[in-house]
Amino acid sequence: MRFSKLFTSAALSLGMATGAHAEDPTKLITILTSADPQTQLMAMVLTMNAMNAGADAEVLLCGPAGDIALADAPASATTGQPPKDASPQGLIKLLMAQKNLRVQVCAIYLPAKRMDASVLLEGVTAAAPDAMGAAIVGSNTTVMSF
């Protein structure tokens with residue numbers, strides 16, 4: 001069985017710069033935990049570029065990054081950043097609408113916040129740990145973690 005590759009954002013961006021395309025679509029899982037808005041936005045920018053290069057992507061938001069998925073998200077998730085005035089949540093919404101990006105929060109995110117799924121953006125769900133675990137080790141899967 002082939003195991004997924006774990007890349008840092010730098011390694012993935014260098015690999016993408018080569019323009020190489022796999023014969024079969026590559027599955028990308030972006031796991032985002034950082035509370036830093038710049039890191040959150042960059043994770044979404046790299047995910048978007050991977051999708052533009054042919055990857056089938058999904059995002060798992062855990063811990064402080066889960067707040068991006070809240071309908072009533074904090075300003076850190078919704079405030080535009082230079083150079084293009086994009087926000088982490090704005091880019092996630094765009095990718096969900098235009099590219100069918102699947103976005104999930106960690107299974108323990110909502111219980112830890114004492115909330116239910118009604119507080120999430122439309123289309124965002126809670127991840128099933130068994131399904132996510134299987135996806136992470138799937139063939140042709142790349143995991144990018146921030």
Side-chain angles (χ1 to χ4, degrees), residues 1-71 73 76-78 80-81 83-113 115-146:
M1 173 175 18
R2 246 179 77 195
F3 287 93
S4 65
K5 300 173 192 170
L6 180 60
F7 285 97
T8 66
S9 59
L12 183 61
S13 64
L14 288 174
M16 294 168 79
T18 66
H21 293 275
E23 291 296 319
D24 294 325
T26 297
K27 175 77 175 177
L28 171 65
I29 299 174
T30 301
I31 301 174
L32 181 54
T33 62
S34 176
D36 179 65
Q38 188 176 57
T39 301
Q40 293 172 350
L41 182 58
M42 195 63 213
M44 294 303 95
V45 167
L46 290 174
T47 299
M48 176 183 68
N49 280 281
M51 293 177 84
N52 290 342
D56 174 24
E58 67 183 280
V59 172
L60 179 64
L61 303 170
C62 299
D67 293 352
I68 299 169
L70 295 173
S76 61
T78 60
Q81 298 181 42
K84 297 190 177 186
D85 201 34
S87 72
Q89 189 185 70
L91 193 48
I92 279 183
K93 285 179 171 180
L94 179 77
L95 293 174
M96 289 174 68
Q98 293 184 359
K99 302 249 183 208
N100 296 318
L101 176 67
R102 183 177 180 198
V103 178
Q104 299 177 81
V105 294
C106 283
I108 60 175
Y109 174 77
L110 291 170
K113 291 262 191 188
M115 297 183 206
D116 63 32
S118 68
V119 301
L120 298 174
L121 292 171
E122 185 175 335
V124 176
T125 60
D130 57 339
M132 184 54 69
I136 287 170
V137 298
S139 66
N140 269 353
T141 298
T142 298
V143 174
M144 184 168 55
S145 182
F146 295 86

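The nearest pair of heavy atoms linking A55 to L28 is CB-CB, 4.3 Å. The two residues P88 and P37 make their nearest non-hydrogen contact at CG-O, 3.7 Å. Taking every heavy atom of both residues into account, A43 and L32 meet most closely at CB-CD1, 4.0 Å. Across all non-hydrogen atoms, the minimal contact from M51 to L95 is SD-CD2, 4.5 Å. Nearest heavy-atom pair, T78 versus A73, reported as atom, atom and distance to 0.1 Å: CG2-CB, 4.0 Å.
Note that NZ of K27 and CG of N140 are 11.5 Å apart. Values are rounded to the nearest 0.5 Å. Atom-to-atom distance recorded for Y109:OH and D67:CG is 3.5 Å, nearest 0.5 angstrom. The structure places CG of L60 at 12.5 Å from CE of M144, a figure rounded to the nearest 0.5 Å.
Among residue pairs with one or both ends in residues 26-65, those qualifying as disulfide (SG to SG under 2.5 Å) are C62-C106; sequence neighbours excluded.
Using a 4.5 Å heavy-atom cutoff, the side chains of I68 and V59 are not in contact. Looking only at side-chain heavy atoms (C-beta outward), L70 and M115 come within less than 4.5 Å of each other. Counting heavy atoms from C-beta on, the side chains of L94 and M44 never come closer than 4.5 Å.
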Should L91 and T47 be marked as a side-chain contact (heavy atoms from CB on, under 4.5 Å) after you check the CA-CA gap, both sets of side-chain angles, and the distance that decides it? CA-CA 10 Å; L91 193 48; T47 299; over 6 Å; no

Test side-chain contact (heavy atoms from CB on, under 4.5 Å) applied to V103 and L120, step by step: CA-CA 11 Å; V103 178; L120 298 174; over 6 Å; no

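Other residues, nucleotides and ligands place no more than 12 heavy atoms under 6.0 Å from the CD1 atom of I108.
Taking Q38 as the reference, D36, Q81 meet the side-chain contact (heavy atoms from CB on, under 4.5 Å) condition, with sequence neighbours excluded.
Within the 3.5 Å criterion, the main-chain N or O of F146 finds a donor-acceptor partner in the side chain of T33. Without hydrogens or angle criteria, Q40 side chain to S34 main chain gives a donor-acceptor distance under 3.5 Å.
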For residues 121-137, dump all side-chain donor-acceptor pairs below 3.5 Å to protein atoms at least two apart in sequence or in another chain.
none

